[in-house]
Amino acid sequence: AEVEETLKRIQAHKGVAATIVINAEGIPIRTTLDNSTTVQYAGLLHQLTMKARSTVRDIDPQNDLTFLRIRSKKHEIMVAPDKEYLLIVIQNPCE
Amino acid sequence: TRFHGNLRSGRWELVVPRPPLAAMFADGTVPGSDVESLWRSARSARCEAKSCQTGKISTAETAVQSHTIRDAGVQTDQSKAAVQDFQQEVQVDYASLLSFLQRVEDAVIKELNRNWKSRAFDGFEVNWTDQNETVLCLHTLSYPEAQDQNLQVTSVSWNATGSVVACSYGRLDGGDWSTEKSYVCTWNLDRRGLNPERPDLVVDVPSSVMCLAFHPSQPSVIAGGLFSGELVVWDTSRTEDSVIWRTGMTDDTHTDPVYQVNWLPDAKHGNHSRLLSVSTDGKILVWREERDGRLALAEGFAMVAQQVPRSMRLKKFACGEAAVGVTSLSFSHFDPCVFVVGVEGGYSLKCSIAAEMPALHQMGSSVPLRAPAELAFSPHGGPVYSVSCSPFHRNLFLTCGTDGQIHLHSMLQTQPLISLQLSKKYLFCVRWSPVRPLVFAAASGEGNCNKCFCLGDVHLFDFEKSSQKPALSIKQAAGEHPVYCLEFNIKQTRLLAAGDAAGTVKVWQLSSDFTEQGPREMNHLEQLASEITD
């Protein structure tokens with residue numbers, strides 16, 4: 001459906017290694033990785049996103065988290081948060 | 001009657017005889033009035049006075065001394081990771097999922113684009129751990145009894161947890177059928193009372209042990225291949241007889257020394273692994289465990305010269321029916337059916353477990369032997385003593401031989417990608433690093449050379465720094481003893497064990513630049529692998 005097309009567009013972007021969609025409870029809904037890696041990413045990033053969001057709101061209650069990026073030696077992990085879902089994209093930057 | 005005027009009231013009043021004034025005031029005392037306190041009495045009516053006293057505590061003095069002592073070891077077992085399948089239970093509301101994706105798609109694409117073009121992090125590196133600049137020798141382990149008998153270390157192996165190193169003593173240069181006793185010694189490096197001259201366990205073996213391999217998941221099980229062609233499996237946690245399986249001398253056993261033994265994970269039979277042995281009689285045999293402690297032949301391969309696939313550059317071999325002596329073997333980390341062998345003739349071969357073609361000469365074995373070779377690679381100038389498949393790339397492997405050269409091959413072509421002349425000495429062992437895709441180690445020694453540019457015995461190569469000469473050469477011992485074997489520790493990735501002909505095993509701790517993966521290493525490796533010439 002259109003859901004798959006949108007995800008394909010994101011996955012086809014330059015350097016994207018993986019795309020994962022998880023719901024508000026941290027359960028993966030769509031993924032391009034294998035099961036065990038997906039479950040690992042989903043659990044860890046869900047917790048980290050909740051922590052990041054509470055950090056932002058504790059400092060300023062009128063503020064809220066819009067985007068989360070983690071830069072590591074090997075790649076960059078981007079998380080787009082929402083009330084019901086979380087979109088995780090892993091990109092290998094060009095170097 | 002008489003009237004008088006009352007000054008106060010202003011009227012005429014009748015005169016009345018007045019009483020004497022003094023009688024109006026008199027001194028008197030009035031007893032005070034008492035009000036009884038009610039609350040105090042009420043309160044005391046509700047309270048009672050009590051007392052208590054702790055009883056006498058009895059004490060006694062005694063002394064305790066343990067007079068029996070027992071040593072026990074504990075080992076955790078490998079846990080089975082259970083990953084549930086998540087696809088079944090989740091109810092997805094596609095409408096809301098679609099609207100979510102439409103909302104975030106633009107933002108995500110914008111960030112991806114920006115990231116792709118960004119130069120913000122170029123050259124930015126973070127150090128999380130203390131950088132260890134030097135390579136040091138952590139332990140020098142030896143077994144003096146074996147050294148007194150002039151035995152050499154023929155093989156080293158780390159166990160599944162990375163804390164125990166085992167070495168086998170034997171002779172690599174004993175050409176004839178020797179009945180020399182040999183030893184298998186283990187040291188637990190994490191133990192506090194580590195004595196480098198006293199191994200934790202010494203197993204006496206009636207014949208010379210040529211190779212060792214610890215079980216990949218059971219930390220106490222170790223297999224060894226003997227000079228007599230037998231295979232023996234020991235369990236180091238048993239205090240009495242530690243032999244649990246052996247092949248014995250049957251018709252199936254190798255007729256030449258076993259130079260390499262490997263454990264194969266057996267996917268069909270659950271956790272039971274099978275053993276694979278390689279010998280210069282040309283046979284590669286797979287053994288399975290049976291009851292009563294015997295190892296029985298499950299499958300076998302025979303390398304016969306005729307069946308070696310010819311490639312353009314190889315000259316024809318001498319006698320077509322000669323068995324091809326196999327000296328080393330390495331399995332591909334990516335495809336469990338593919339393995340590479342190195343042979344005495346100097347070339348290396350790509351083989352497959354799934355090969356169907358039967359071998360030309362059955363050599364009287366109980367299980368039909370098959371011919372596994374699929375592709376022959378360009379040869380060395382002398383026998384190949386060691387091959388190693390890369391844990392990071394499915395097509396790359398290294399071979400080393402007595403001509404002092406190391407070849408980096410891709411499985412896709414017969415010519416080596418890179419050919420390094422390391423020294424004039426023989427090279428006995430080559431191993432890829434388990435953490436850095438571009439690093440490998442080689443062990444050298446012996447050979448006639450009056451002058452060589454690298455004096456060391458253990459060489460560490462880093463393709464990132466230089467593809468011609470070693471990044472580091474370590475001298476193992478003061479004398480001219482060749483290093484016969486080396487192994488990286490997969491769990492404690494800084495450690496490298498090397499065994500030499502003087503009978504010592506040295507455990508080296510590598511510096512950080514050999515153990516930390518750089519960000520572009522995989523790309524570099526892919527580039528190396530794709531320089532294929534047609």
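In what follows, every chain begins at residue 1, and chains take the letters A, B, ... in the order their sequences are listed. Keep in mind it's a predicted model, so treat the numbers as computed, not measured.
- Counting heavy-atom pairs under 4.5 Å between each of A:V21, A:V16, A:T6 and chain B puts A:T6 at the top.
- With sequence neighbours left out, the ring pair (Phe, Tyr, Trp, His ring centres under 6.0 Å) criterion links B:F214 to no other residue.
- Contact annotation for A:V89: only side-chain heavy atoms (C-beta onward) come within less than 4.5 Å of a heavy atom of chain B.
- Looking at heavy atoms from C-beta onward, A:H13 lies in side-chain contact with B:N113 at the 4.5 angstrom threshold.
- Smallest separation of non-hydrogen atoms from B:S96 and A:Y85: OG-OH, 2.9 Å.
- Inspection of non-hydrogen atoms places no residue of residues 46-56 of chain A under 4.5 Å from chain B.
- At a 4.5 Å heavy-atom cutoff, the contact between A:E2 and chain B is made by backbone and side-chain atoms alike.
- Between B:V104 and A:F67, the closest side-chain pair of non-hydrogen atoms is not below 4.5 Å.
- With rounding to the nearest 0.5 Å, the separation of CH2 in B:W116 from CD in A:E76 is 12.0 Å.
- Closest approach of B:F100 to A:A80, counting heavy atoms only: CZ-O, 3.9 Å.
- The structure places CZ of A:R69 at 5.0 Å from CG of B:N115, a figure rounded to the nearest 0.5 Å.
- Between the side chain of A:Q91 and the backbone N or O of B:L112 there is at least one donor-acceptor pair closer than 3.5 Å.
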